[in-house]
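Note: hydrogens, waters and symmetry copies are ignored here, and every other heavy atom, side chains too, is used.
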Amino acid sequence: MIQPQVAVPAKPRKPDWLRVKLPVGPAYANVRRLVDEHKLHTICESGNCPNMGECWGAGTATFMILGNVCTRSCSFCAVATGRPSELDLDEPRRVAEAIQLMGVKHAVLTSVNRDELKDRGASVWYETVVQTKQLSPATTIETLIPDVKANWEALDTMIAGGQEVVSHNMETVGSLYRLVRPQGKYDRSLEQIRRTKQAGKRTKSGIMLGLGETQDEMYQAMDDLVANGLDILTLGQYLQPTKRHIEVAEFIHPDLFAHYREEGLRRGLKYVESGPLVRSSYHAERHVNVPI
């Protein structure tokens, strides 16, 4: 007996609007050289960012401190997961010197999660910002900090160095947290943003689209963020980094990204960066001027 064939749903094809240019040019090569010489990690590389060519070509980069091995195992992230073996207390000096050599006007700093450290790496965070400001006083800084797992003393240290923007990414809507961020908690991340705002900081977060969220869930997430003091929101298309990671549920049309931008502003956000290729640090220099 011939068994009937069962149709397998086709994976969504990557649309034309997600094509990016390969990184080229002397400015890109200079950043590449400095990153290698100073033995630095960048989320641009570790996260397979589609904007690396554009940003590095402009002489900027997002530095990832505290190593390149993360204690979390988020289903969307290309950064290696495991137990970190290094804690480089000299890293703040090297990062600060590299930023000075690059002559950047706005630097973005991020890190892996270091859940095994009592202070979550807060002392290295603080020293990196402070030493960067000492060597490059005119440089503005955004810090994209991880979930501190309710270690609010660590949070206070992380945001006390004098940076102009403090970002913490929600990544997705509440209903998808167990799938996308299994070691994170939606309400806990909202509280981290709320506490950051209460400390008088300019707050920022990011959400990936195309993971299976509904429009109503996106509206709810925006309302939750506004209620907890968020100033700046970035919205971009999730792209599956490897076959081991969660698949793309949907490629979101640029028109819907434009709609979400208008909705976010209407709901009380002060600035919304929204588009298929937008990532957390995309056009980050513009966010420094958002009023607190």
Side-chain angles (χ1 to χ4, degrees), residues 35 38-47 49 61-74 76-99 107-136 139-171 181-185 188-199 201-206 279-281 284:
V35 167
H38 289 263
K39 299 178 181 179
L40 301 171
H41 303 296
T42 71
I43 194 63
C44 317
E45 300 166 292
S46 298
C49 181
T62 299
F63 295 103
M64 187 168 68
I65 62 175
L66 292 165
N68 64 347
V69 177
C70 186
T71 55
R72 303 285 178 95
S73 55
C74 298
F76 67 89
C77 186
V79 176
T81 298
R83 185 168 181 83
S85 60
E86 63 175 302
L87 179 60
D88 186 355
L89 299 181
D90 187 50
E91 188 173 43
R93 177 192 62 81
R94 296 201 323 276
V95 171
E97 289 180 353
I99 289 172
V108 180
L109 305 172
T110 189
S111 82
V112 293
N113 285 84
R114 295 296 298 261
D115 294 329
E116 89 286 6
L117 298 177
K118 186 177 180 180
D119 76 340
R120 309 289 190 258
S123 60
V124 173
W125 266 109
Y126 176 80
E127 283 299 323
T128 304
V129 174
V130 168
Q131 292 188 40
T132 297
K133 285 290 188 180
Q134 288 173 345
L135 289 182
S136 307
T139 298
T140 54
I141 298 173
E142 174 187 325
T143 52
L144 173 52
I145 61 177
D147 168 22
V148 298
K149 275 194 170 180
N151 185 336
W152 306 127
E153 183 178 348
L155 176 65
D156 290 342
T157 301
M158 285 181 181
I159 67 178
Q163 60 266 63
E164 283 75 16
V165 180
V166 177
S167 183
H168 172 63
N169 283 345
M170 297 297 295
E171 306 294 8
R181 291 187 67 192
Q183 294 144 297
K185 293 182 179 179
R188 187 170 68 199
S189 282
L190 286 174
E191 182 176 359
Q192 182 162 322
I193 291 170
R194 183 172 72 251
R195 286 175 176 267
T196 302
K197 187 61 179 178
Q198 289 171 345
K201 300 298 180 178
R202 185 179 285 103
T203 52
K204 177 178 170 181
S205 190
R279 295 297 181 265
S280 298
S281 56

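With sequence neighbours left out, the side chain to side chain donor-acceptor pair (under 3.5 Å) criterion links Asp119 to Ser123. Judged as a salt bridge (charged side-chain N to carboxylate O under 4.0 Å, His left out), and not counting sequence neighbours, the contacts of Glu164 are Lys133. Every residue meeting the side-chain contact (heavy atoms from CB on, under 4.5 Å) condition with Thr157, not counting sequence neighbours, appears here in chain and number order: Ala122, Tyr126.
Between the OG1 atom in Thr203 and the NE2 atom in His168 there is a gap of 12.0 Å [rounded to 0.5 Å]. Here the straight-line distance linking atom CE of Met64 with atom CG of Leu144 works out to 11.0 Å at 0.5 Å rounding. Summarising the geometry, atom CG belonging to Asp156 is positioned 10.5 Å from atom CE belonging to Met158; distances are rounded to the nearest 0.5 Å. Residue Ile159 holds its CD1 atom at 13.5 Å from CZ of Arg202, rounded to the nearest 0.5 Å.
The two residues Arg120 and Asp115 have their closest heavy-atom pair at NH1-O, 3.5 Å. Of all non-hydrogen atoms in Glu142 and Ser280, the two that sit nearest each other are OE2-O, 4.2 Å. A pairwise comparison of heavy atoms in Phe63 and Ile99 identifies CE1-CG1, 3.5 Å as the closest pair. Shown here for Trp152 and Glu191, the closest heavy-atom pair between the two residues is CZ2-CD, 3.5 Å. Taking all atoms of both residues into account, the shortest heavy-atom contact from Thr143 to Ile141 is CG2-CG2, 4.1 Å. Of all the heavy atoms in Val129 and Gly162, the pair that sits closest is CG1-N, 4.0 Å.
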**Request:** Give the C-alpha distance, both sets of side-chain angles, the deciding distance and a yes or no for side chain to side chain contact (heavy atoms under 4.5 Å, CB included) between Thr62 and Arg279.
**Result:** CA-CA 11 Å; Thr62 299; Arg279 295 297 181 265; over 6 Å; no

**Request:** Evaluate the side chain to side chain contact (heavy atoms under 4.5 Å, CB included) criterion for residues Leu87 and Leu66: first the C-alpha distance (whole Å), next the side-chain angles of each, then the deciding distance (0.1 Å), finally the verdict.
**Result:** CA-CA 6 Å; Leu87 179 60; Leu66 292 165; 3.8 Å; yes

**Item:** side chain to side chain contact (heavy atoms under 4.5 Å, CB included) assessment of Leu155 paired with Thr196
**Value:** CA-CA 8 Å; Leu155 176 65; Thr196 302; 3.9 Å; yes

**Request:** For side chain to side chain donor-acceptor pair (under 3.5 Å), just list the numbers for Ser189 and Arg181, CA-CA rounded to whole Å, side-chain angles, deciding distance to a tenth of an Å, and then say yes or no.
**Result:** CA-CA 11 Å; Ser189 282; Arg181 291 187 67 192; 3.2 Å; yes

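None of Arg114, Lys185, Arg72 except one satisfies the salt bridge (Lys or Arg N to Asp or Glu O under 4.0 Å) rule with Asp147; the exception is Arg72.
Ionic pairing of Arg93 and Glu91 is not present here: no N-O contact between side-chain nitrogen and carboxylate oxygen is shorter than 4.0 angstrom.
Side-chain contact between Val165 and Gln163: absent, with no pair of heavy atoms (C-beta onward) separated by less than 4.5 Å. The closest side-chain heavy-atom distance from Thr71 to Val112 is not below 4.5 Å. Using a 4.5 Å cut-off on side-chain heavy atoms (C-beta onward), Leu109 and Val95 make contact.
Judged by distance alone, with hydrogens and angles left aside, the side-chain atoms of Ser167 form a donor-acceptor pair with the main-chain N or O of Lys204 at under 3.5 Å. Side-chain atoms of Ser205 come within 3.5 Å of backbone atoms of Met170 as a donor-acceptor pair (strictly under, hydrogens ignored). At distances below 3.5 Å, at least one donor-acceptor pair connects side-chain atoms of Asn169 with backbone N or O atoms of Gly206. Listed for the Gln131 side chain is no donor-acceptor partner under 3.5 Å among the backbone atoms of Arg94.
Under a cut-off of 6.0 angstrom, the local environment of CD in Glu116 is crowded, with over 12 non-hydrogen atoms contributed by other residues, nucleotides or ligands.
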